[in-house]
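Have a look at the structure below before the remarks.
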Protein chains: 2
Amino acid sequence: MEYLQQTFSVKFEYKVFFTSGLFELSNTCIDDFLLDNATSESVKKILFVIDQDVMKATPGLADKIRRYFSIHTGAQLIPDLILVPGGEGVKNNEDNFHNLLDTINKYGIDRHSYVAAIGGGSVLDMAGYAAAIAHRGIKHIRIPTTVLAQDDSGVGVKNGINFFGKKNFLGTFAPPVAVFNDDRFLLTLGDRDWRSGIAEAIKVSLIKDPEFFEWLEQNAGALTNRDMDAMRYMIKRCAELHLNHIASGDPFEKGSSRPLDFGHWSAHKLEQLTNFAVLHGEAVAMGIALDTVYSNLAGHLSTEETKRAIALIKKIGFEITHPLLEVSSADSPILVGLNEFREHLGGQLTIMLLKKIGEGFEVHDIDSSILKNAGEALKNHYAALNPA
Amino acid sequence: MEYLQQTFSVKFEYKVFFTSGLFELSNTCIDDFLLDNATSESVKKILFVIDQDVMKATPGLADKIRRYFSIHTGAQLIPDLILVPGGEGVKNNEDNFHNLLDTINKYGIDRHSYVAAIGGGSVLDMAGYAAAIAHRGIKHIRIPTTVLAQDDSGVGVKNGINFFGKKNFLGTFAPPVAVFNDDRFLLTLGDRDWRSGIAEAIKVSLIKDPEFFEWLEQNAGALTNRDMDAMRYMIKRCAELHLNHIASGDPFEKGSSRPLDFGHWSAHKLEQLTNFAVLHGEAVAMGIALDTVYSNLAGHLSTEETKRAIALIKKIGFEITHPLLEVSSADSPILVGLNEFREHLGGQLTIMLLKKIGEGFEVHDIDSSILKNAGEALKNHYAALNPA
């Protein structure tokens, strides 16, 4: 067979910066980045998309941004700051996405200019998707404001919106040009949002890093008491493990493996069924608990380590189970969710379980009777367990 | 400044196959590819999107495809073959794009399955874009049916649709998983479409390959007489130079350089102003002629080589100039087009000119008085030139 072989690699690089008070005039972090990053002699514009709840919780934010870019010259600020709703809603309502494309067009934002998004993971997902497809890719800056977005979703390479009622039906793999994690935004979070992002740290420690798991055990109290030093360390280490995983694996997920989705298959279904009343991190905590106990009952993980994992989840303040996660019949929602996940992966299931704390492995089958037992064990035995 | 550095490379590989009668039962080219390429144990589906003009010009195509996949098992054919209009219209009317997304959803086409497009460059662009964003990227197979798509646009990494009245306002860089160039489709082309794709071969020879230019000079007669051996050689060599350029340069065009766009800045404007009555290749031929004579008048290219280039363009049967390409005042369409191109690049112009046949170089300014003279020289002196 006659053919020409095409082979090339594309290198992607970006920094995740950790700072405090990103738009204080004396903080040159983002301006230095913009000056260093310029890929053209021409004027670079920057368009901000901001979660309206973050705007409300951060008095003076708009003025600060405008003043910052009137002094610093790394990019020319588009004075229109685009406000969007936060949470999953911003990805469900196509209007937000179309309005952003309109604005990109109206202000002539080009491939050397920036779309910067300030908000939680959903806002970053929507804005990142619009940036990725306009002009085949405008530079995208992420400024995550929640623990979850700073330690996990905001530092990765995916974006997307919901379509046909399906989560992330439309989206791309498109790394940002930079991420700025500003710890001051964390001060505006309510306790549920503060806690929610800790679930991803527990997740990544369980599958990748036993020392980080021990650190989480030792610092669970500090984290729930909103100790900023502990939270800063946790976010940085979790982000680092997340970044390393992406770089060392299959960044654009060409295969079927989704190690970072440990505990997520049931969590996605739970979020959807509760119409996102259960937060992502809360659902992930329950999903981790389920897959951890499943690992134990299937004979892979010791009972002692299982207890330690569940105790940590409880100590952070998470629920470990939910009626919707219980198997009561063949058409229980969780079994429906398992099938949907199989379809999403293209017909073959790949699910991560635990061998020990800090080491995951993959299976291609889930036994529904073990799953039923795991749900019952969480509801009965583990619910009574006293956090260490 | 505290930060984490993220760095990774993503490798992209695909083959451009050359074949004849892709859906003949005895031709295992595409089936072999599908069997080798499988990334999951699960059933792979394949959805075809077909240019309705190609369907009309190729009696029995639908039956052939259905019969082929009833015998060969590399993928499960979605029996619905999606017909779309050809030409720029398919990228202008959003309905085509939305219908395709609907179909992808309806048939559960996943990331291990395929969207295969049969048609000219516009159909491939639209289908490639839909495939690139659904589920963050379904595998895309291109089956280009025109000379232009087989030697240039169909073998590259870009896709897109027009939006806000702007060409390719939405799109991504997303390599196909395979390209199948079937020479039988070329037999269905009218003379204008047959000729049009030769412009890209002249272009790439002028900026990259003096030997290929000489081959084109020697074989111009055979090409215009629709000699299939000559056309097959031309397509393969042009595709090869195009692929090599992408692989050795900046595949996802992060910088400002667009060497393969030699002659294209004015061509785009001419296509748009004539509402695509002038075909892409016809416009590119005039754009090449203009930038070649400009290179000569600006003192970069010898008069002898300029004459050879113009003679080749004429010998293939192209017009070398158009009233809309002439500079008559400061607001002549071509000067407006130059400004639009500058904006498209982000404010700084980068245009390729010729130093000699087979060697291009870039400039950042175009002198409008030299451009005026180049237009006049093409209209007067070169129009009278007898092709060698």
Side-chain angles (χ1 to χ4, degrees), chain A residues 1-19 29 32 39-43 101 105 108 110-113 132-137 155 158 160 163-164 166 168-173 175 236 239-240 243 246-247 251-256 343-348, chain B residues 1-19 29 32 39-43 101 105 108 110-113 132-137 155 158 160 163-164 166 168-173 175 236 239-240 243 246-247 251-256 343-348:
Chain A
M1 188 54 54
E2 195 184 345
Y3 65 85
L4 296 168
Q5 175 70 48
Q6 175 69 313
T7 306
F8 61 86
S9 288
V10 179
K11 188 173 179 182
F12 296 94
E13 289 186 285
Y14 60 96
K15 291 183 171 67
V16 178
F17 294 96
F18 296 86
T19 190
C29 184
D32 289 346
T39 49
S40 152
E41 293 301 307
S42 58
V43 173
L101 288 181
N105 183 44
D110 59 52
R111 286 170 51 79
H112 300 287
S113 291
I133 61 169
H135 297 299
R136 298 199 183 106
V155 304
K158 300 193 212 180
F163 212 73
F164 300 126
K166 295 187 178 170
N168 298 322
F169 185 85
L170 298 180
T172 71
F173 292 89
K236 192 168 175 191
E240 190 172 24
L243 291 170
I246 291 170
F252 290 180
E253 299 180 3
K254 293 176 189 179
S256 285
E343 276 172 32
H344 172 73
L345 292 181
Q348 192 196 29
Chain B
M1 187 56 52
E2 196 184 346
Y3 66 83
L4 295 169
Q5 175 71 48
Q6 176 68 313
T7 306
F8 60 84
S9 289
V10 179
K11 188 172 180 181
F12 296 94
E13 289 186 285
Y14 59 96
K15 290 183 172 68
V16 178
F17 294 95
F18 296 86
T19 190
C29 184
D32 289 344
T39 50
S40 152
E41 293 301 308
S42 57
V43 174
L101 288 181
N105 182 44
D110 59 53
R111 285 169 52 79
H112 299 288
S113 290
I133 61 170
H135 297 299
R136 298 199 183 106
V155 303
K158 300 193 212 180
F163 213 72
F164 301 127
K166 293 186 179 172
N168 297 323
F169 185 85
L170 298 180
T172 71
F173 292 90
K236 190 168 177 194
E240 188 172 27
L243 291 170
I246 292 170
F252 289 0
E253 297 182 3
K254 293 177 188 177
S256 286
E343 276 171 34
H344 171 73
L345 291 180
Q348 191 195 29

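So you know, we letter chains A, B, ... as the sequences are listed, proteins then strands, and number each from 1.
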State, yes or no, whether a side-chain contact exists between A:F12 and B:V10 at a heavy-atom distance under 4.5 Å. yes

Which residue out of A:A247, A:G160, A:G108, A:G137 racks up the most heavy-atom pairs below 4.5 Å with chain B? A:A247

Against chain A, work out which of B:C29, B:G171, B:A239 has the most heavy-atom pairs shorter than 4.5 Å and name it. B:G171

By a 4.5 Å heavy-atom criterion (distance strictly below it), what part of A:A134 contacts chain B: side chain, backbone, both, or neither? both

When A:N168, A:N105, A:L170, A:T172 are compared by non-hydrogen pairs under 4.5 Å with chain B, the top option: A:N105

Salt bridge or not between A:E253 and B:R111? Use side-chain N to carboxylate O under 4.0 Å. no

Using modelled atom types and a 3.5 Å cut-off, is there a donor and acceptor pairing between side-chain atoms of B:Q6 and backbone atoms of A:Y14? no

So for A:K236, is it side chain, backbone, both, or neither that comes closer than 4.5 Å to the heavy atoms of chain B? both

Top contributor to chain B interface from A:I133, A:D110, A:T7, A:I246 [non-hydrogen pairs under 4.5 Å]: A:I133

Quick check: are there more than 12 heavy atoms from other residues, nucleotides or ligands sitting under 6.0 Å from OH of B:Y3? no

Distance col, row A:K11:NZ vs B:S9:OG, nearest 0.5 angstrom, shows 6.5 Å

Minimum side-chain heavy-atom gap B:F8-A:P175 below 4.5 Å: yes

B:F17 versus A:E2: any side-chain heavy-atom pair under 4.5 Å? no

So, do A:Q5 and B:E13 sit near enough that their side-chain heavy atoms are less than 4.5 Å apart? yes

Against chain B, work out which of A:F164, A:F173, A:F163 has the most heavy-atom pairs shorter than 4.5 Å and name it. A:F164

In terms of heavy-atom pairs under 4.5 Å with chain A, which of B:K166, B:K254, B:E240 leads? B:K254

With heavy-atom distances below 4.5 Å as the criterion, would you say the side chains of A:L4 and B:F18 are in contact? yes

